[in-house]
Amino acid sequence: MAPSQVLRSPNLMAFAAQVREGLSKHGQKELPSIYLYDQIGSALFEVITLLPEYGLTRADERLIQRYAPDILEHLSPSVLVAELGSGTGRKTRWILEALAGREQVTYFPIDISPSALEKCRQELSGLGAVSIVGLEKSYLEGLADVAARRRPGQTLLVLFLGSTIGNFERAAAQYFLHEIRQCLIPGDALLLGTDLEKSIPDLLLAYDDPAGVTRAFNLNLLARINRELGANFVLRNFEHEARYKKRDRRIEMHLRSRCRQTVSIPLADFTCTFQKGETIWTEACHKFRLDEIRHMAQQAGFTCKTQWVDSEWAFAENFCVAENRVPPTA
Ligand code: AVJ
């Protein structure tokens with residue numbers, strides 16, 4: 001085996017394979033949104049959460065802060081907390097602090113990014129009664145791991161915050177909730193954060209802010225492909241675009257080619273041509289209705305006990321409890 005192949009990590013190979021697959025599509029070219037979140041992308045997203053136009057994350061945190069006591073009331077003692085996507089730990093802190101006031105807690109942040117797990121550990125290290133066990137795995141692998149470690153009598157609380165579920169196609173979101181439920185036992189809980197439908201101009205501003213942070217966040221995906229796969233994307237030749245697709249009730253982020261151009265991506269063994277005006281679809285952010293979320297939860301084997309909605313930004317925190325029966329997948 002050539003030395004360069006020995007040095008290629010499985011993660012990098014998977015990245016290369018998915019870039020190649022997405023950019024060789026004959027219709028709409030696309031790149032998986034998970035790759036927006038390298039160290040630079042995650043830092044840019046952090047800045048997005050501070051923008052006045054992007055109220056989503058602040059609404060999420062306000063709701064968690066305010067309703068943490070109500071959430072705890074529903075959970076019998078000896079709680080294990082698992083979070084899908086470690087985030088920064090900022091929102092989770094409110095729940096862990098409240099729990100730690102009543103018992104010793106174990107917190108499992110699950111993230112494929114080691115740097116995200118490290119940041120999360122730093123942010124939450126001051127909490128005395130909380131032991132943090134980071135799992136560098138995909139969401140469902142991590143959750144299965146947590147389920148295997150639980151002892152009888154422990155209740156599992158799964159956190160899936162920030163409307164990350166909105167990145168899935170609707171059918172895939174439904175399927176994913178069902179997969180989460182399969183890892184749980186009756187009485188376990190899921191706290192699901194979902195961004196709600198709101199005025200289209202407000203949504204477009206949230207995903208195409210005047211300061212250009214979201215633009216930088218989107219373009220960083222091409223810069224990352226340059227850095228990690230040796231590609232030669234010229235970032236100035238692409239334009240950030242946010243669109244609202246009414247039929248799908250989602251924002252889509254695209255990168256639009258300003259001219260006809262060819263880009264080579266050596267570590268993906270691939271050369272790609274873009275027509276002038278052609279786009280790469282980089283992210284979908286679905287928006288939800290309250291009754292739709294209750295229905296999705298039910299179809300997945302949960303009962304949505306409470307939905308808290310923020311008064312400044314239409315966002316819902318959905319508190320769901322695992323039912324005895326799990327419906328078959330549709
Ligand atoms: C982190 C997936 C919830 O969908 O609003 C923000 C990502 N993309 N601005 C979202 C995002 C552009 C964000 N999520």
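Whatever order the structure lists them in is the order used to number ligands and atoms, beginning at 1. Just so we're clear, the structure is a prediction, and the values are computed from it rather than from any experiment. Side-chain atoms are counted along with the backbone in the values below, which use heavy atoms only and exclude waters and symmetry mates.
Residue Gly162 places a heavy atom under 4.0 Å from ligand 1.
Here the options are Glu239, Glu30, Gln28, Glu241, the test is side chain to side chain donor-acceptor pair (under 3.5 Å), and the partner is Thr279; only Gln28 passes. When each of Lys198, Arg58, Arg62 is paired with Asp310, the salt bridge (charged side-chain N to carboxylate O under 4.0 Å, His left out) condition holds for Arg62 and for no other.
Nearest protein heavy-atom contact of atom 4 (O) of ligand 1 is Cys285 SG, 3.0 Å. Looking only at heavy atoms of the protein, atom 8 (N) of ligand 1 is closest to Glu283 OE1, 2.6 Å.
When non-hydrogen atoms are compared, ligand 1 lies under 4.0 Å from the side chain of Asn167 (C-beta onward) but not from its backbone.
Interface of Met253 with ligand 1, defined as ligand atoms under 4.0 Å from a residue heavy atom, comprises 12 (C). Taking a cut-off of under 4.0 Å to the non-hydrogen atoms of Tyr37, the atoms of ligand 1 that pass are 1 (C), 2 (C), 7 (C), 14 (N). Those atoms of ligand 1 that come under 4.0 Å of a heavy atom in Phe217, given as number and element, are 8 (N), 12 (C). Counting atoms of ligand 1 from 1 in the listed order, those under 4.0 Å from a heavy atom of Leu56 are 5 (O).
Minimum heavy-atom separation, Glu136 to Ile112: CG-O, 3.8 Å.
Salt-bridge annotation for Glu123 and Arg90: absent, with no side-chain N of the basic residue lying under 4.0 Å from a carboxylate O of the acidic one. Using a 4.0 Å cut-off between charged side-chain N and carboxylate O, Asp111 and Lys119 make no salt bridge.
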Subject >> Full working for ring-ring contact (aromatic ring centres under 6.0 Å, His included) between Tyr37 and Phe217 >> reply: CA-CA 9 Å; Tyr37 301 89; Phe217 172 68; 5.4 Å; yes
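By the 6.0 Å and 45° rule, Arg224 does not stack over the aromatic ring of Phe233.
The N/O atoms of Thr214, backbone and side chain alike, include none that comes under 3.5 Å of an N/O atom in ligand 1. For the pair Tyr54 and ligand 1, the shortest N or O to N or O distance falls below 3.5 Å.
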